[in-house]
*Asks:* 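The structure that follows is given in the form of structure tokens.
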Number of protein chains: 2
Amino acid sequence: MRGEANTDPGTGDSSKEAPRIRTMFQHTLEHEVPAGTILFAQGEVPTFQIVVLSGSVQLFGRSRDGREVLIEVVRAPDLLIPAAVVTASPYLMQGRAPEPTRFLLIPADAFRDAVERNPHLAKAVLETLAEQFRRMVRQTKNLKLRSAAERVGCHILVLSERQGTPDRAILPYEKHMIASELGMTRESFSRALKALTKIGIGVAGQEIVIRDRARLTAVAKPDPMIDLPAFDDTGRRTLALIERLTG
Amino acid sequence: MRGEANTDPGTGDSSKEAPRIRTMFQHTLEHEVPAGTILFAQGEVPTFQIVVLSGSVQLFGRSRDGREVLIEVVRAPDLLIPAAVVTASPYLMQGRAPEPTRFLLIPADAFRDAVERNPHLAKAVLETLAEQFRRMVRQTKNLKLRSAAERVGCHILVLSERQGTPDRAILPYEKHMIASELGMTRESFSRALKALTKIGIGVAGQEIVIRDRARLTAVAKPDPMIDLPAFDDTGRRTLALIERLTG
DNA sequence: ATCTGCAGTTGATATGCATCAAGGCCGGAA
DNA sequence: TTCCGGCCTTGATGCATATCAACTGCAGAT
């Protein structure tokens, strides 16, 4: 737990919001998990609003016959599925940390209370959730409007932008994960990469070298209405606010 | 406009929220459009928070080569893409009313102001947006985890439940629209329906008769973690609040 | 070192779905 | 009525992607 919550620092008690914030503070834990940790299962009702401080979380959807695909990735700083927490309904996905990851765990009911009482928090959560909604819309468009090869090409372009290296991109996790994130099998992903080899990229393990960005762009046809913008500070702003509120 | 906004009814001015709510009220329009009306284009920045009072709105995603697919349908009562309004960012989809539809148009900045000032409104919008996010997650799972035939079968089951008729379902709009909503071509949709004919459904124009629900269920494998629940009153509650706030 | 298991690649093949093309069935216009 | 023009269906075909299978390379265990 961060900074000994029970030794209440003397914040003025006269402010209307203070009691609730203090509640949120008192029971909020900070927690770090190793790579591979399952955070929650599909179908569970959230007990905490999880705040991703560092690292990332993969969210998997499972079909009844047991197949699992990567639906989305939440990268720090961000909230882990506020949609499930504010509606107090079951997670639709399983959450797993693919790397050592740090969290803030805020009890779900305290979080809902705080959101209801603190307009700034409400606004921040709303913006974060809105951004997440838009990510899902982008993904749906990606799946419905593009071929597998285009999805792979655009993903590489987005990665290279996010990593600030226009001439290369590092695949952030295993290829079969990325394949399922992009809605295809690992074999198809492998073949798509190989095909792109002929139009100006090089593949060496996790590293993709972009030799001919113009040609790759021409083939993959990136689109600002589908692909994620390189920077978005919603998460950072939301995190700053929550850290202020919890200590 | 609803109920002569300028003849201000004597609400007490002492309450802190009143001025903003009144702003929202003053410039809020009620509007009805005929079937086929385009409400906004992909790429436009929202000028209003549109509230769907009756009817529905189809949201289309467009690729750069001009192909358009139905991404989602917003049915009254609901908010039209609060995610774009609260973040003041461009719509990722085009909005079109496929039937005569009534709206409340709340100026976007007045809406954002009101959300920031009124915790009840903030909570309602948050819940509505959360529900919309969850719908998108369900759709992504649907696309990534199921075959075309399964998607068609489950869609029929959902429609029949929503319409309260376990033995039949009426397709709410043209088949080619539903096909693109389900991520396939109209031909594939047609063939999928025909295939399902052999396992206990009948097709007559827009009407689907479900002769053998058990068999259809066995084939389509509906799943509460993917398919929409029959009832959800989030929209209704949000609408009630907004109507109270706007007069 | 050897064994083992998992990630990835590659090839052969299957199949689901799209595409292309033709024709049927309306309902609306003239 | 006839003549359209959508919408839908159906068939033939092709292609994209999945599936199945074999193999490589590597890392961790013994």
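Naming: A, B, ... by sequence-line order, numbering from 1 per chain.
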*Asks:* Whole-Å distance between D/dG25 C1' and A/Q206 CD?
*Replies:* 14 Å
*Asks:* Tell me the interatomic distance from B/L193, atom CG, to D/dT9, atom C1', rounded to whole angstroms.
*Replies:* 11 Å
*Asks:* Before giving the answer on salt bridge (Lys or Arg N to Asp or Glu O under 4.0 Å), spell out for B/R62 and A/D223 the whole-Å C-alpha distance, their side-chain angles and the decisive distance to 0.1 Å.
*Replies:* CA-CA 10 Å; B/R62 172 186 242 154; A/D223 179 342; over 6 Å; no
*Asks:* Choose from D/dT10, D/dT9, C/dT9 the nucleotide whose nearest atom is closest to any side-chain atom of A/K175.
*Replies:* C/dT9
*Asks:* Phosphate oxygens OP1/OP2 of C/dC17: is one of them under 4.0 Å from a side-chain N or O of B/T185?
*Replies:* no
*Asks:* Among D/dT10, C/dC17, D/dC8, find the nucleotide with the atom closest to the side chain of B/A148.
*Replies:* C/dC17
*Asks:* OP1, OP2 of D/dA16 versus side-chain N and O of A/S147: anything below 4.0 Å?
*Replies:* no
*Asks:* Ignoring hydrogens and angles, answer whether the base of C/dT19 and the side-chain atoms of B/R191 contain a donor-acceptor pair closer than 3.5 Å.
*Replies:* yes
*Asks:* In whole Å, what is the span from the CZ atom of A/R67 to the C1' atom of D/dT17?
*Replies:* 13 Å
*Asks:* Do B/E187 and C/dC20 share a donor-acceptor pair, side chain to base, under 3.5 Å?
*Replies:* yes
*Asks:* Which whole-number value in Å describes the distance from B/R186 CZ to C/dC20 C1'?
*Replies:* 11 Å
*Asks:* Is a donor on one side and an acceptor on the other found under 3.5 Å between the side chain of A/E32 and the backbone of A/F103?
*Replies:* no
*Asks:* Among A/E181, A/Q139, A/E68, exactly one meets side chain to side chain donor-acceptor pair (under 3.5 Å) together with B/K144. Which residue is that?
*Replies:* A/Q139
*Asks:* How close or far is atom P of D/dA16 from atom CZ of A/F189, stated in whole angstroms?
*Replies:* 19 Å
*Asks:* Please give, in whole Å, the distance from D/dC26 P to A/H176 NE2?
*Replies:* 19 Å
*Asks:* Would you say the rings of A/F133 and B/F133 are close, in the sense that their centroids are separated by under 6.0 Å?
*Replies:* no
*Asks:* Just wondering, are more than 12 heavy atoms of other shown residues or ligands nearer than 6.0 Å to CZ in A/R64?
*Replies:* yes
*Asks:* Round to a whole Å and report the spacing from CG of A/L143 to P of D/dT17.
*Replies:* 12 Å
*Asks:* Under 4.0 Å from OP1 or OP2 of C/dG8: is there any side-chain N or O of A/S190 that close?
*Replies:* no
*Asks:* Tell me the interatomic distance from A/E174, atom CD, to D/dC26, atom P, rounded to whole angstroms.
*Replies:* 17 Å
*Asks:* Assign each of B/S188 and A/R151 to its nearest nucleotide of DNA chain D by heavy atoms, then name whichever residue's nucleotide is nearer the 5' end.
*Replies:* B/S188
